[in-house]
2 protein chains.
Amino acid sequence: MEKKVTKRAPTLCPVARAEDLVGDRWTVLVLRELFGGARRFDEIQAGTEATPQMAAARLKQMEADGLIERRPYSQRPLRHEYHLTEKGRAFFPVLLALRAWGETWCKAPGEARAVEFTHDACGGPAGLGPLCETCGRSLSHDDLTAERTPAYAREREQRLRRFKGLS
Amino acid sequence: MEKKVTKRAPTLCPVARAEDLVGDRWTVLVLRELFGGARRFDEIQAGTEATPQMAAARLKQMEADGLIERRPYSQRPLRHEYHLTEKGRAFFPVLLALRAWGETWCKAPGEARAVEFTHDACGGPAGLGPLCETCGRSLSHDDLTAERTPAYAREREQRLRRFKGLS
DNA sequence: CCATATGGATATGAAAATCATACCGACAAG
DNA sequence: CTTGTCGGTATGATTTTCATATCCATATGG
C-alpha cells in the first residue's frame, strides 16, 4: 500500500495536470504553510490541522512530485526540514489568486482579512491582486512581507494550543 | 445521507475558505469546462470524464456554494443549463494561474500547449501570465478568445467519441 | 401506436481515501 | 531512569469515489 503514482489519463490540459499534483485541500494548505515559513513536520501538521498520516502522506507525495525537498537539519537523530523547490515556489501566483478570490467571495461582510502583504519594493500595502495596489508592479513572494491580522493571529495561536494540548 | 454541508472550522484563512469550495479536482475541471463554454450536463460530464454521480454531486454542491446557477432552457421536459455566477466568473484568475503553472511545470519538454489565448483588446497572443504578453494589460475572460491547439483538439474529440460510444 | 433516442440524472455494491486515536523509536534533559 | 520532544506508523471505523447498470420523461421516426 505504498504506490500512489497518480495514474491519470495523460491529458494535455495543464489545469488537469496541475490538479493531479495539487488537486486536494491538504496539499494546498501545506503549500500555504510552507510559503508562510513553516519547515518542520509538526508546524505543518499543526498549521493545516491534518492528521499525522495525512501530513506524512502529502509530504511524501509532494516530494515525489518535485514540489518540496527534504533537507536534514540534524544527524543523530536524523531529522528533516521541508523546503519548497523552484517548482513549488512557482506555485505562489496560484495561491495569491486563490487568496484574493477567497477574501473577496468566501467571506461575510465585515469579516477580517487573514494576512496583509507589504510590498517591500515600494513599501506600500500590496492588496489582493497580482499587481501591487500601491505601485502597480507585479508581486513575487520574495518582495512581500506578510503580517497576520490580529484576529487571524489569535486563531492561529488557539490552533497551536489545541495541537500542543492534544499531542 | 444527503447533507454535504462542508462543516469545517470557520477559519479566517481565505485559502482554506476557497479550498472548501473548490478544493477538489472535479470542481476545478467543471469550472474549466464552463469557462470553455460548456453548459449542458453531458458536455460537462464528457469534458471532465467524471461519472454521472460525480458530475451531478459537484454541480449540486457548486450551485449551493453560489458558483453556478441552473437555468431552464426548456419546460416540458424541464431541462437546465449550468451557468457561472459572478462568483464563479471571478474564479478565472485562479484558473489562469493554475494553467500557467501547469503548462510551465507539469509538462515534459516538447509537449504541446492545450490552448492559446488571443487578447481581443490588442489582437496579439496573450501568453501565460496574468498580463497580456503582447500589450501588457491584465487579462479578463471576456477579452480572451481561446483556441485549442490541434493536438488538444484531437484529444478532446477522442474523449467525446469514447463518451458517446459508452453512453 | 410502438420502438428507439436523448438529456439528465439515480441506484448499487465494491474499492479507495480519510478519519480519530493510539502507539513507537530515537534521542535529550532532568 | 523517567519524562519529554520530534517525526512519524498502525489500526480499525467511517466516508468518498468508482464502475456499471438502470430509470424517467419526453421527442422523434415509422
Side-chain angles (χ1 to χ4, degrees), chain A residues 1-9 19-20 23-30 33-34 38-63 68-83 160-167, chain B residues 1-9 19-20 23-30 33 38-63 68-83 160 162-167:
Chain A
M1 69 299 252
E2 301 305 334
K3 301 276 101 49
K4 179 75 48 53
V5 245
T6 314
K7 265 270 135 49
R8 301 253 185 211
E19 285 288 293
D20 280 344
D24 82 280
R25 178 182 169 79
W26 297 122
T27 301
V28 176
L29 294 185
V30 169
E33 293 304 309
L34 290 170
R39 296 287 172 261
R40 309 273 254 259
F41 187 88
D42 58 342
E43 292 179 290
I44 293 166
Q45 197 209 323
T48 57
E49 297 194 282
T51 59
Q53 311 90 302
M54 283 312 298
R58 288 309 123 172
L59 287 167
K60 206 165 283 182
Q61 184 63 47
M62 288 168 77
E63 191 187 9
I68 59 178
E69 56 186 19
R70 283 175 358 130
R71 293 191 202 155
Y73 69 93
S74 139
Q75 316 292 335
R76 348 221 45 250
L78 183 55
R79 299 225 180 298
H80 296 90
E81 290 182 330
Y82 297 90
H83 286 259
L160 201 58
R161 268 200 297 281
R162 223 171 330 124
F163 177 77
K164 299 266 186 199
L166 294 178
S167 74
Chain B
M1 68 297 253
E2 300 307 332
K3 299 279 99 50
K4 181 74 51 52
V5 245
T6 314
K7 264 268 135 46
R8 303 253 184 208
E19 285 289 293
D20 280 344
D24 83 279
R25 181 182 167 77
W26 296 123
T27 302
V28 176
L29 294 185
V30 169
E33 293 303 309
R39 296 286 171 261
R40 305 283 182 81
F41 186 88
D42 58 341
E43 291 178 293
I44 293 166
Q45 197 210 324
T48 57
E49 298 193 281
T51 59
Q53 309 89 304
M54 284 311 299
R58 288 311 122 173
L59 288 167
K60 205 164 283 180
Q61 185 62 47
M62 290 169 76
E63 190 186 11
I68 59 178
E69 56 184 21
R70 278 166 12 120
R71 293 194 202 151
Y73 69 92
S74 138
Q75 316 292 335
R76 345 223 48 241
L78 183 56
R79 300 231 177 294
H80 297 89
E81 290 183 329
Y82 297 91
H83 286 258
L160 200 59
R162 222 171 330 123
F163 178 77
K164 298 268 185 196
L166 294 179
S167 74

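Chain naming here is simple, since letters A, B, ... match the order of the sequence lines and numbering starts at 1 in each. The analysis underlying the following values was restricted to heavy atoms, covering all of them including side chains, and did not include hydrogens, waters or symmetry mates. Note that this is a predicted model, so its numbers are computed, not measured.
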If I take atom [atom1] in residue [X] and atom [atom2] in nucleotide [N], what distance separates them, rounded to the nearest angstrom?
X        : N      : atom1 : atom2 : result
B:Asp24  : D:dT15 : CG    : C1'   : 14 Å
B:Trp26  : C:dA17 : CH2   : P     : 14 Å
A:Arg71  : D:dG7  : CZ    : C1'   : 19 Å
A:Phe163 : C:dT21 : CZ    : P     : 14 Å
B:Gln45  : C:dG8  : CD    : C1'   : 9 Å
A:Leu160 : D:dT5  : CG    : P     : 13 Å
B:Gln61  : D:dT16 : CD    : P     : 11 Å
A:Glu81  : D:dC6  : CD    : C1'   : 13 Å

For this session: Compare the minimum distances between each of D:dC18, C:dT18, C:dA9 and the side chain of A:Met54, then state the nucleotide with the smallest one.
Result: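 Of the candidates, C:dT18 comes closest.
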
Applying side-chain contact (heavy atoms from CB on, under 4.5 Å), can you list everything that pairs with [X], at least two apart in sequence or on another chain?
X       : value
B:Arg40 : B:Asp42, B:Glu43, B:Tyr73, B:Glu81
B:Ala46 : B:Leu160, B:Phe163
A:Pro77 : A:Ser74, A:Arg79

For this session: Please list, chain by chain and in numerical order, all residues satisfying salt bridge (Lys or Arg N to Asp or Glu O under 4.0 Å) with A:Glu19, sequence neighbours excluded.
Result: none

For this session: Identify, with sequence neighbours excluded, every residue that meets salt bridge (Lys or Arg N to Asp or Glu O under 4.0 Å) alongside B:Arg39.
Result: none

At a cut-off of 3.5 Å, list every protein nitrogen or oxygen paired with a nitrogen or oxygen from nucleotides 5-7 of chain C, distance to 0.1 Å.
{"residue": "C:dG7", "atom": "O3'", "partner": "B:Tyr73", "partner atom": "OH", "Å": "3.2"}
{"residue": "C:dG7", "atom": "N3", "partner": "B:Arg79", "partner atom": "NH2", "Å": "3.3"}

Exercise. Atom CD1 of B:Ile44 and atom CE of B:Met62: how far apart are they, to the nearest 0.5 Å?
Worked result: 8.0 Å

Problem set entry | Short side-chain N/O contact to D:dG8 OP1/OP2 from A:Tyr82, under 4.0 Å |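 A:Tyr82 to D:dG8 OP1/OP2: side-chain N or O found under 4.0 Å.
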
Exercise. If only side-chain N and O atoms of A:Lys60 are considered, is one of them under 4.0 Å from the OP1 or OP2 phosphate oxygen of D:dT9?
Worked result: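 Answer is yes, contact under 4.0 Å.
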
Protein-nucleic acid N or O pairs under 3.5 Å, nucleotides 27-30 of chain C:
{"residue": "C:dC27", "atom": "OP1", "partner": "A:Arg76", "partner atom": "NH2", "Å": "2.5"}

Exercise. What does A:Arg25 touch in the nucleic acid at a heavy-atom separation under 4.0 angstrom: a base, only the sugar-phosphate, or nothing?
Worked result: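 The residue A:Arg25 makes no contact with any strand.
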
Exercise. Partners of B:Arg71 by side chain to side chain donor-acceptor pair (under 3.5 Å), sequence neighbours excluded?
Worked result: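 Here the qualifying residues are B:Glu69, B:His83.
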
For this session: Return yes if some donor-acceptor pair links the side-chain N/O of A:Glu63 with the main-chain N/O of A:Ile68 below 3.5 Å, else return no.
Result: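 No, A:Glu63 side chain to A:Ile68 backbone: no donor-acceptor pair under 3.5 Å.
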
Exercise. Taking C-beta and beyond as the side chain, do A:Arg70 and A:Leu59 meet within less than 4.5 Å on heavy atoms?
Worked result: no

